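Dropping a structure here in structure tokens format, bear with me for questions.
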Amino acid sequence: MSVSSRRRLVLGVVLTAAFMDNMDATIVSIALPRIQRDLAGGSALAQWSLAGYALAFAVLLITGGRLGDIFGRRRIFLLGVAGFTLASVACGAATAPEMLVAGRFAQGALAALMVPQVMSVIVAMFEPHERARAFAMLGAVLSAGSVSGPFLGGLLTEYDLAGLGWRAIFLINAPIGMVTFWLAVRAMPETRSTRPLRLDLVGVVLVALIMVGVLYPLTRGSEAGWPGWMYAVIAAAVAAVPAFAAHQRWRHRLDGSALVPPALFARRSFTVGVVVVLLVFSGVTSFFLVMTYHLQAGLGWTPLRVALVTLAWPLGITVTTRPALRRASRRLVGAGAAVMAAGVTMAIASVTVLGAGLSWPHVVAAELVIGLGMGLCVPILATVALSEVPADDAGAGSGVVNTAIQLGTALGVAVVGAVFFALAGDGFASATATALWFNVAVFAVAALAGPLLPGARTREPLAGAH
């Protein structure tokens, strides 16, 4: 097998893993009512089936990325794929609510080993000028996974595939995972940091405590009514960030084995890129959360109809990704974010003016525009953020970028969800329109930050990997 063919195959393998993770993060939501009924679970089952996956995934992402740098990205990727597949089977075989929630925590933890290796393998195996196309394909795959999750969840649950009912939404990962594992064993070369690294256990504990302290209140605050102790936990987690940063600097001086190398944030491309990633993803998931509730609970649309109109989003991404790559430029990051802001503004106008008369062409138009903007922005953004990261630190850099995605998602859902649900009693249209101005604001700030990014095209030599 030629080098180029091997690279294409490896890229296909890691993209399949990324698709599987993104699909699984969203596929459960449509089937939750039937899962609750069959397992005799209450609201806690529904909440922790979603929150358990997200929490375990986000808390361990940075550690998972650094483990790949230390012990080998192929080895950690294979461990993550195998474990994720087994955890999916366990979820599909669950006979009690506790078994399902435990399986979802396991899925999230093992996805945190698998997913950071996707970006780090791209950084380690591809030359800088080749990464833009690979990251563009990753962006398209992640979008497809997010959209196909609810769509496949609705189809598999509604049509009772092989008599499995809702269990099929988990068991579908078994054949995908086994093929991914087999192809990775055959084709993926081992890469790791050329520097001798040791796992920073203190850093692992600190970052886990910080992530739990921020994400747990954000994901559970609305349902719990935001008691005072949740604000205290967030404040304590934020206050611990300087201690984590100081420890990382000390550990880097000691033996160069910091969990998050301080040198990453000395690069403007990485620092600004991470901030813009957080802003963009705080607006994406929260938009679809609010629109899904508005269309289903407010207008009575079926889950399948909502999933179908949402397909306009990845279509828009597909249309603009290839032209954007031909002119990879920081200007397109700002332009893409501005187009996304315009798409959300279209949705606000349609909801406000049409009310109960809102129909699918209006939703499709707004989501198509958001997708067009995302196709201009995200593939280039990922390239810029990781363009100057040495291959030795690819796992750590990938873990931080993925963590920014999760933090942004949780922050956006918490803020927009809190506003929407607080106002929903006065009417879905006004609640939706008010909540979505947050999304317009974060996309606008991301557009203004675009010019701070360095040029997206990079020609620096790739640091060695073996």
Side-chain angles (χ1 to χ4, degrees), residues 143 146 214-215 217-219 221-222 226 231 234 238 271-295 310 313 316-317 320 330-353 358 362-363 365-378 380-382 384-385 401 403-424 426-453:
S143 300
S146 296
V214 172
L215 286 172
L218 287 178
T219 55
S222 295
W226 284 103
Y231 292 104
I234 292 178
V238 172
T271 302
V272 179
V274 166
V275 171
V276 177
V277 164
L278 188 146
L279 289 170
V280 168
F281 280 90
S282 70
V284 172
T285 305
S286 57
F287 170 81
F288 288 103
L289 170 72
V290 168
M291 287 303 296
T292 296
Y293 270 95
H294 179 79
L295 296 175
T310 304
W313 173 44
I317 293 173
T320 52
R330 65 184 179 182
R331 294 186 182 90
L332 290 180
V333 174
V339 171
M340 295 172 77
V344 179
T345 305
M346 287 174 58
I348 293 172
S350 297
V351 167
T352 302
V353 174
L358 185 70
H362 307 102
V363 181
E367 295 192 1
L368 179 64
V369 172
I370 295 172
L372 293 172
M374 198 165 180
L376 290 173
C377 174
V378 171
I380 300 168
L381 181 57
V384 172
V401 171
T403 300
I405 292 174
Q406 297 303 311
L407 275 173
T409 298
L411 178 63
V413 168
V415 173
V416 175
V419 174
F420 174 77
F421 289 115
L423 300 176
D426 298 327
F428 278 95
S430 60
T432 298
T434 302
L436 290 182
W437 281 114
F438 170 87
N439 304 72
V440 175
V442 293
F443 290 146
V445 174
L448 293 174
L452 299 177
L453 292 164

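Remember, it's a predicted structure, so these values are computed and weren't measured experimentally.
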For C377 against G336, the heavy-atom pair lying closest together: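 Reported closest heavy-atom pair: CB-CA, 4.0 Å.
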
Residue from V442, L436, T434 passing side-chain contact (heavy atoms from CB on, under 4.5 Å) with F438: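 When V442, L436, T434 are each tested with F438, the side-chain contact (heavy atoms from CB on, under 4.5 Å) holds only for V442.
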
Verdict with reasoning, L358 to L295, per side-chain contact (heavy atoms from CB on, under 4.5 Å): CA-CA 9 Å; L358 185 70; L295 296 175; 3.9 Å; yes

Flag, side chain of T432 to backbone of A429, donor-acceptor distance under 3.5 Å: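 No, T432 side chain to A429 backbone: no donor-acceptor pair under 3.5 Å.
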
Considering all heavy atoms, the nearest V276-A449 contact: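 Looking at all heavy atoms of both residues, the shortest contact is CG2-CB, 3.9 Å.
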
Shortest non-hydrogen separation from M340 to I370 and the atoms involved: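 In terms of heavy atoms, the two residues are closest at CG-O, 3.6 Å.
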
Nearest atoms (heavy-atom pairs only) where F420 meets F428: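 Heavy atoms of F420 and F428 come nearest at CZ-CD2, 3.5 Å.
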
Gap between atom CG of L407 and atom CG of L278 - 0.5 Å precision: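 So the gap between those two atoms works out to 6.0 Å.
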
Nearest-0.5 Å distance, CG of residue L411 to CZ of residue F281: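 It is 14.0 Å, given to the nearest 0.5 Å.
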
Side-chain heavy-atom pair V284, F443 within 4.5 angstrom cut-off: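 Yes, at least one pair of side-chain atoms sits under 4.5 Å.
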
Residues which pass side-chain hydrogen bond (donor to acceptor under 3.5 Å, both in side chains) with S286, listed by chain and number, not counting sequence neighbours: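 Partners of S286 under the side-chain hydrogen bond (donor to acceptor under 3.5 Å, both in side chains) test: N439.
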
A447 versus A337, closest heavy-atom pair with distance: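 Distance-wise, the nearest heavy atoms are N-CB, 3.6 Å.
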
Spatial distance of atom CH2 (W313) from atom CE (M374) [nearest 0.5 Å]: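 Here the interatomic distance stands at 5.0 Å.
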
Nearest non-hydrogen partners of A404 and V277, listed with the distance: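 Shortest heavy-atom contact: CB-CG1, 4.1 Å.
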
With sequence neighbours excluded, residues passing side-chain contact (heavy atoms from CB on, under 4.5 Å) with L448: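 Applying side-chain contact (heavy atoms from CB on, under 4.5 Å) to L448 gives none.
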
Please tabulate, for side-chain N and O atoms in residues 344-353, each donor-acceptor pair with protein atoms closer than 3.5 Å (sequence neighbours left out).
from : atom 1 : to   : atom 2 : distance (Å)
T345 : OG1    : A341 : O      : 2.8
S350 : OG     : M346 : O      : 3.0
T352 : OG1    : I348 : O      : 2.8

